[in-house]
Amino acid sequence: MNYPSLVWHLKRTELFADLELNELEKVAATTPYRSYQPGEVVYRMDDPADALYFVRSGLIKISKLFPNGKEAILSVVGQHDTFGELLLQPEERRPTQAEALERTTLIVLPRTELQRLLALKPDLAMKLIRLMAARFFEAQAWTAEVSAYSAPERVASLLYRLAREFGRSHPDGTELALKLNQEDIARMVGATRETVSHSLGKLRDEGAIMRARTPIVVNLNALRKYLNQD
């Protein structure tokens, strides 16, 4: 059984970090692992909001699909992150789609188990509210950036945030451990692929990007300087 490992992973999530071991063991008994291959969908828009997800390993893309066929990538979540926050009502439907970007293993907490925990642990309910509020404010901040920043600035801001969260040391700077192509970046910053290609070239000329092809290598100090320029 991978039961002890499951308790270990739950303990390292922001939501469950303060739960006692015996309570985590109860959660683990009703919480399965699920594995996904790259490109496999975890849930689609309008699916029932019936579970909360924790990333044990891998990466998940959260996006919104529009009737005209376009996709807006809202976020990328990695190890120990939580996604699929829900309003806990049986009739609630997913407003977004979640898809694996690479081989991914998720911990799936059913809504009924989450409701039981929230009823027993008011502090946990407050944590969930804070988590949902943080996601809301992040979305608001990004909407403001899309309105106020030029396309190169939006690309620079995105790469800076992703490098801070998913970056790893590289001889030339910081390498993004993400398999994102120019089309993916375009869907995240609200631009065309051609505009992103031009923006990446501009940032490379500025010394903020050391390698524009996947995996992208950036200079964090140069990105920050570019974003803070007058």
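These numbers come from a predicted model, not from an experiment. Values below: all heavy atoms of this structure, side chains included; hydrogens, waters and symmetry mates excluded.
With sequence neighbours left out, Glu183 forms a side-chain hydrogen bond (donor to acceptor under 3.5 Å, both in side chains) with no residue at all. Partners of Asp47 according to the side-chain hydrogen bond (donor to acceptor under 3.5 Å, both in side chains) rule, which considers only residues two or more places apart in sequence or in another chain, do not exist here. Listed by chain and residue number, Arg116 satisfy the salt bridge (Lys or Arg N to Asp or Glu O under 4.0 Å) test with Glu23 (two or more places apart in sequence, or in another chain). For Phe16, the ring-ring contact (aromatic ring centres under 6.0 Å, His included) test picks out Phe54, with sequence neighbours left out. For Phe83, the ring-ring contact (aromatic ring centres under 6.0 Å, His included) partners two or more places apart in sequence, or in a different chain, are Tyr53. With sequence neighbours left out, Tyr43 forms a side-chain hydrogen bond (donor to acceptor under 3.5 Å, both in side chains) with no residue at all. Ser75 meets the side-chain hydrogen bond (donor to acceptor under 3.5 Å, both in side chains) test with no other residue; sequence neighbours excluded.
The cationic group of Arg103 does not satisfy the cation-pi geometry with Tyr36, failing either the under 6.0 Å distance to the six-membered ring centre or the 45° limit from the ring axis.
Under a 4.5 Å side-chain heavy-atom cut-off, the cluster of Ile, Leu, Val, Met, Phe, Trp and Tyr residues that includes Met126 is completed by Ile129. Taking Ile, Leu, Val, Met, Phe, Trp and Tyr as hydrophobic and joining them when side-chain heavy atoms fall under 4.5 Å apart, one finds Leu65 in a cluster with Met45.
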Please list, one pair per line, the donor and acceptor atoms closer than 3.5 Å that link side chains of residues 57-64 to other protein atoms, with sequence neighbours excluded.
unit_1: Lys61; atom_1: NZ; unit_2: Glu71; atom_2: OE2; d: 3.2
unit_1: Ser63; atom_1: OG; unit_2: Glu71; atom_2: OE2; d: 2.9
unit_1: Lys64; atom_1: NZ; unit_2: Pro95; atom_2: O; d: 3.0

Less than 3.5 Å apart, which donor and acceptor atoms pair up between the side chains of residues 209-216 and the rest of the protein, not counting sequence neighbours?
unit_1: Arg211; atom_1: NE; unit_2: Pro215; atom_2: O; d: 2.9
unit_1: Arg211; atom_1: NH2; unit_2: Glu175; atom_2: OE2; d: 3.1
unit_1: Arg211; atom_1: NH2; unit_2: Pro215; atom_2: O; d: 2.9
unit_1: Thr214; atom_1: OG1; unit_2: Leu180; atom_2: O; d: 2.8

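Between the side chains of Ser150 and Glu153, at least one donor N or O sits under 3.5 Å from an acceptor N or O.
Applying the salt bridge (Lys or Arg N to Asp or Glu O under 4.0 Å) definition to pairs two or more places apart or across chains, those involving residues 118-128 are Asp18-Lys127.
With hydrogens and angles disregarded, no donor-acceptor distance shorter than 3.5 Å links the side chain of Arg187 to the backbone of Ala72.
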